[in-house]
Protein chains: 2
Amino acid sequence: MNRVNYSSSESLGEQIANVLRLRIVSKESTPGTKISENQIAKEFETSRSPVRDALKILSNEGLIRLERMGAVVLGLNSTDLLELYEVRYLIETFAIKRLMENYKEDLIISLVKIIDKMDICGKHGDYKEFSELDFLFHETLIKGIEHNRINHLWNSMSKVVKSVILITTEKRFQGRVEEYRYVIKTHRQMIDVIKTRDVKHIDKVLKEHFNDGHLSIKNLL
Amino acid sequence: MNRVNYSSSESLGEQIANVLRLRIVSKESTPGTKISENQIAKEFETSRSPVRDALKILSNEGLIRLERMGAVVLGLNSTDLLELYEVRYLIETFAIKRLMENYKEDLIISLVKIIDKMDICGKHGDYKEFSELDFLFHETLIKGIEHNRINHLWNSMSKVVKSVILITTEKRFQGRVEEYRYVIKTHRQMIDVIKTRDVKHIDKVLKEHFNDGHLSIKNLL
DNA sequence: CGAGGGTTAGTTGTCGACAAGTATACAACT
DNA sequence: AGTTGTATACTTGTCGACAACTAACCCTCG
């Protein structure tokens with residue numbers, strides 16, 4: 001029986017990759033675990049073709065390593081998370097500098113709207129929606145500069161970032177719920193930096209934001 | 001007949017990707033061209049499986065776009081090249097700053113050795129080897145910081161960079177052969193910056209180097 | 001001549017099978 | 001016992017086939 005499901009826009013491979021990604025990032029799959037295509041195919045009741053796609057996606061994201069026989073889970077240790085934040089810092093600093101030179105008012109409006117929604121979700125304790133908005137904020141910022149190459153870099157890591165944000169936010173909300181205010185504050189600061197063209201404060205604001213993100217996840221895990 | 005060729009370490013998919021990549025970067029395949037898996041499979045006398053792999057690789061590199069029916073060649077226009085150089089500048093600036101804080105003497109030795117080899121190739125007019133060494137220089141620099149995430153970013157664009165360098169170098173050598181001296185000079189400057197920890201000159205040296213690369217290719221095409 | 005509907009060739013996603021290579025367990029031998 | 005060789009089970013890379021879907025063409029009708 002061939003199963004073709006066009007009702008869902010994502011191919012089976014991407015769906016499988018999504019499930020496995022969350023497993024790896026959430027440490028449900030521990031680093032070092034060996035996985036084979038057959039084994040995954042059996043679990044998801046598909047053939048090996050979509051599984052191969054999925055493994056290739058995860059390999060590109062750096063979550064697993066494809067070896068001659070079987071793939072091995074790499075996962076994200078503390079160093080990896082730091083590095084992820086460093087690269088995000090690098091890219092978003094670039095983006096903000098570029099936006100300062102030249103931005104469309106629409107973009108700022110979109111960003112403010114996202115923050116406002118985050119505020120509401122924060123008050124309701126809806127961490128899931130909050131984390132998606134957080135992700136969307138940064139993605140909107142990056143897509144805003146319309147830089148093809150940066151776009152590709154972002155696409156190759158965005159799914160990982162999204163997963164990390166989701167998990168971080170969840171843990172944060174389990175602790176002191178009011179912490180979300182800090183995230184919102186730094187986001188507003190980022191917009192201010194763009195609008196006021198305050199070059200001197202870019203590094204300070206962004207470093208603070210990413211440092212906080214990294215530290216909080218490090219403490220929580 | 002199943003053809004499995006383990007004598008070459010690269011899978012058929014990667015090999016096909018290599019051929020197509022060069023075609024696209026060298027503008028033998030013009031942007032907008034539609035390509036189908038069957039067509040490529042027929043050309044390379046393989047099944048669609050390796051071709052699918054190849055197309056996915058090229059898609060990740062941003063050279064083609066996968067659509068519902070058929071992929072379309074994107075190629076690298078003048079803007080794309082500028083953006084590529086911008087991202088390289090971003091990454092290598094990061095790398096050099098990190099190396100300044102902490103580098104192993106071995107690395108510097110390797111880099112110097114590469115430059116010396118480039119010098120010899122330059123004198124012999126061996127542009128092919130020269131371009132590979134040029135690429136190797138930058139790759140060695142980036143791998144030197146042992147930063148997993150940066151590594152992945154680099155891997156996702158390195159093949160494209162390599163192709164661009166190859167073509168640029170070829171055209172350069174067709175013009176005034178002596179131009180290679182300038183490339184070598186800036187490379188030596190980069191090493192000096194690392195060794196002398198001369199923070200102030202990083203941006204200047206790198207900007208000069210990448211600006212030159214971008215300008216020269218723009219003029220030549 | 002133009003518009004609409006059906007046919008048809010072509011496209012991708014998925015499947016199961018096979019070939020080639022690899023690691024492991026187990027037996028035979030020194 | 002330790003080493004070597006072989007059988008065997010498991011792995012990936014590739015193949016050809018099929019189902020779902022899309023686009024283009026042609027034919028009919030107004």
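Lettering follows sequence order; numbering is per chain, from 1. Note that the structure is predicted; figures quoted are calculated from it, not measured.
- At least one side-chain nitrogen or oxygen of Arg52(A) sits closer than 4.0 Å to the OP1 or OP2 atom of dG13(D).
- Atom NZ of Lys34(B) is separated from atom C1' of dT12(C) by 13 Å (rounded to the nearest Å).
- In this model, the phosphate group of dT14(C) is not approached by any side-chain N or O of Ser49(A) to a distance below 4.0 Å at OP1 or OP2.
- Atoms CD (Glu14(B)) and C1' (dT12(D)) sit 13 Å apart, rounded to a whole Å.
- Separating the CD1 atom of Ile40(A) from the C1' atom of dT14(C) is a distance of 18 Å, rounded to the nearest angstrom.
- No side-chain N or O of His152(B) forms a donor-acceptor pair with one of Glu61(A) less than 3.5 Å apart.
- In this structure, CD of Gln15(A) is placed 13 Å from P of dG13(C), rounded to the nearest angstrom.
- The side chain to side chain contact (heavy atoms under 4.5 Å, CB included) check on Ala95(B) picks up Ile145(B), with sequence neighbours excluded.
- Here dG16(D) presents its C1' atom at 16 Å from CD of Glu45(B), a figure rounded to the nearest Å.
- Comment: Glu132(A) does not engage Lys117(A) in a salt bridge, judged by the lack of any side-chain N to carboxylate O separation of less than 4.0 angstrom.
- Closest to the side chain of Met69(A), from the set dT11(D), dA23(D), dT14(C), is dT11(D).
- Rounded to whole angstrom, the span from the CD atom of Glu37(B) across to the C1' atom of dG13(C) amounts to 9 Å.
- In this structure, Ile35(B) and Arg48(A) both approach DNA chain C, and ranking their closest nucleotides by distance from the 5' end singles out Ile35(B).
- The shortest distance between the side-chain N/O atoms of Ser36(A) and the OP1/OP2 oxygens of dT11(D) is below 4.0 Å.
- Between the side chain of Arg68(B) and the base of dG13(C), no donor-acceptor pair of N or O atoms lies under 3.5 Å.
- Ring geometry, His187(B) versus Phe137(B): the interplanar angle falls under 30°, so the pair is classed parallel (tilted spans 30 to 60°).
- For dC10(D), the OP1/OP2 oxygens have no side-chain nitrogen or oxygen of Asn38(A) closer than 4.0 Å.
- Counting to the nearest Å, the P atom of dT14(C) and the CZ atom of Phe44(A) are 13 Å from each other.
- If you check the side chains of Lys56(A) and Asn60(B), you find no donor sitting under 3.5 Å from an acceptor.
- Across dT14(C), dC15(D), dA23(C), the shortest atom-to-atom separation from the side chain of Leu12(B) is found for dC15(D).
- Rounded to an integer number of Å, the gap from Glu67(A) CD to dT11(D) C1' is 12 Å.
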